[in-house]
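As the structure is a computational prediction, the values presented were derived from the model and not from experiment.
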2 protein chains.
Amino acid sequence: MLSDTRQRKRSKQREKVLDVVRSTKSHPTADWVFHEVRKELPNVSLATVYRNLNLLAESGKINEVLCDGQLRFDANRDEHFHFICRSCKGIFDIDETRVTSPDFKLPRGYVVQDVRMDFYGICPSCQASQ
Amino acid sequence: MLSDTRQRKRSKQREKVLDVVRSTKSHPTADWVFHEVRKELPNVSLATVYRNLNLLAESGKINEVLCDGQLRFDANRDEHFHFICRSCKGIFDIDETRVTSPDFKLPRGYVVQDVRMDFYGICPSCQASQ
DNA sequence: CTATGTGCAAAGTGTTTGCAAATTT
DNA sequence: AAATTTGCAAACACTTTGCACATAG
């Protein structure tokens, strides 16, 4: 397991993986990140990309997003929500200011650390082309 | 692909799969459903269970829930939210009356069909045992 | 009778792991 | 020098598919 507390050493590969995830708002898959990283480090392996994505998610530098059965990554650290288009399967960021966080009171004993809110529907461009 | 509009015929297997998903609030995995169905139909195959879960989800009789990278199923058709425990990975239903749905105004053009809200944190029993 | 559904085994997809060599501190 | 990280290939877990036979309408 990698989810331990070992001390980390830097590596070109890990830094590049983080750069790539930060370079986009497209919520990339591991495979997309792999191909992007390969453009600059032609020998990286997919395994290394996976290891580093997991490490970065674990240390909180990026977030994992589940969409349509696939794990995707997101380096947007601001609180925001996702709009998932049922037509094109795209994920769009909705910035928090347009959404009032919900009031909630859960049954006794549930300690809430995060609320994740996702909107499902049809995005503007799919809307237009129908 | 199974996501077409063919006319469906009934089958014992499909009915049993639906019964099993309806019989629990535990958000079962396909594999759990498979083992339950096997108790009454010892010859069903895992493929049949998958096919029928997909068919039922497609026709809206059950919902898919993604949790911790795994696809799970839920036959609770009432609006409700999920609490996902970061310690035990359990999924708990939070019934809607304790949560006031959020106000939101999305950018022009986004047509919202559903809002999914998930709470992440520590569940009461993990809380107690720490 | 015809189309749909099933069981099985094989293939597919996305992700993780074991290991020796390379790299970082 | 000691520990971590890498690339590779093999293993993995979960899901889907091809096909011949069975079943529903």
Side-chain angles (χ1 to χ4, degrees), chain A residues 1-21 27-59 61-74 89 91, chain B residues 1-21 27-59 61-74 89 91:
Chain A
M1 251 305 209
L2 290 161
S3 44
D4 54 45
T5 46
R6 271 183 295 175
Q7 168 182 314
R8 296 282 157 221
K9 296 180 178 178
R10 307 173 66 215
S11 79
K12 280 192 216 335
Q13 289 88 336
R14 181 147 58 242
E15 279 159 20
K16 195 69 207 162
V17 166
L18 180 54
D19 284 354
V20 166
V21 179
H27 310 88
T29 61
D31 200 61
W32 186 89
V33 174
F34 169 59
H35 288 293
E36 287 301 304
V37 172
R38 277 231 146 176
K39 290 180 183 170
E40 304 209 11
L41 304 174
N43 298 314
V44 268
S45 71
L46 186 52
T48 295
V49 171
Y50 271 105
R51 278 188 282 238
N52 284 319
L53 287 169
N54 289 341
L55 247 21
L56 291 165
E58 208 174 280
S59 69
K61 296 206 180 63
I62 65 178
N63 281 131
E64 300 177 321
V65 187
L66 252 341
C67 167
D68 208 44
Q70 259 235 296
L71 197 52
R72 290 162 172 277
F73 297 88
D74 184 357
K89 309 294 186 189
I91 308 181
Chain B
M1 252 305 210
L2 289 161
S3 43
D4 55 45
T5 46
R6 272 182 294 175
Q7 166 182 313
R8 298 281 156 223
K9 294 179 179 178
R10 305 173 68 216
S11 79
K12 279 192 215 336
Q13 289 89 336
R14 181 147 57 241
E15 278 159 19
K16 197 68 208 163
V17 166
L18 181 54
D19 284 354
V20 166
V21 179
H27 311 89
T29 60
D31 200 62
W32 186 89
V33 174
F34 169 60
H35 288 294
E36 287 302 302
V37 172
R38 278 231 145 176
K39 290 179 183 171
E40 303 210 9
L41 304 174
N43 299 314
V44 270
S45 70
L46 186 52
T48 295
V49 171
Y50 272 105
R51 278 187 281 238
N52 284 318
L53 287 169
N54 289 341
L55 247 21
L56 291 165
E58 207 175 282
S59 68
K61 295 205 179 65
I62 64 178
N63 282 130
E64 300 177 322
V65 187
L66 251 344
C67 166
D68 208 45
Q70 260 236 294
L71 197 52
R72 288 160 172 278
F73 297 89
D74 183 357
K89 309 295 185 189
I91 308 181

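- Distance B:Arg51 CZ to D:dC14 C1': 15 Å, rounded to the nearest Å.
- Here the P atom of nucleotide C:dA11 and the CG atom of B:Leu46 are 17 Å apart, to the nearest Å.
- Not one side-chain nitrogen or oxygen of B:Ser11 sits closer than 4.0 Å to the OP1 or OP2 atom of C:dG5.
- Protein atom CG of A:Leu55 is 15 Å distant from nucleotide atom C1' of C:dT15, rounded to whole Å.
- For A:Lys39 and A:Glu36, the salt-bridge test passes: some basic side-chain N is under 4.0 Å from an acidic carboxylate O.
- Put simply, the side chain of A:Lys9 and the base of D:dT4 share no donor and acceptor less than 3.5 Å apart.
- For A:Thr48, a side-chain nitrogen or oxygen approaches OP1 or OP2 of D:dG7 to under 4.0 Å.
- For the pair A:Gln7 CD and D:dA2 C1', the computed distance is 11 Å after rounding to whole Å.
- The only option from B:Val33, B:Val20, B:Asp74 that meets the side chain to side chain contact (heavy atoms under 4.5 Å, CB included) definition with B:Pro28 turns out to be B:Val33.
- A:Leu41 and A:Gln13 make their closest contact through CD1-CA, 3.9 Å (heavy atoms, listed as atom of the first residue, atom of the second, distance).
- Remark: A:Leu53 CG to A:Leu46 CG distance equals 9.5 Å, nearest 0.5 Å.
- B:Asn52 has a side-chain polar atom (N or O) that falls below the 4.0 Å cut-off from OP1 or OP2 of C:dT6.
- Rounded to an integer number of Å, the gap from B:Lys12 NZ to D:dA22 P is 15 Å.
- Rounding to whole angstrom units, CD of residue A:Glu58 and P of D:dT4 are separated by 14 Å.
- Put simply, A:Asn54 has no side-chain N or O that comes within less than 4.0 Å of OP1 or OP2 on C:dT15.
- Atom-to-atom, CZ of A:Arg14 to P of D:dG7 comes out at 12 Å; the value is rounded to the nearest Å.
- Of the possible polar contacts, none joining the B:Arg14 side chain to the B:Arg51 backbone as a donor-acceptor pair under 3.5 Å is found.
- Nearer to the 5' terminus of DNA chain C, by closest-nucleotide assignment, is the contact made by B:Ala47 (compared with the other of B:Ala47 and A:Phe73).
- When distances are taken from the side chain of B:Ser45 to each of D:dG25, C:dC8, C:dT4, the shortest belongs to C:dC8.
- To the nearest angstrom, P of D:dC8 lies 11 Å from CD of A:Gln13.
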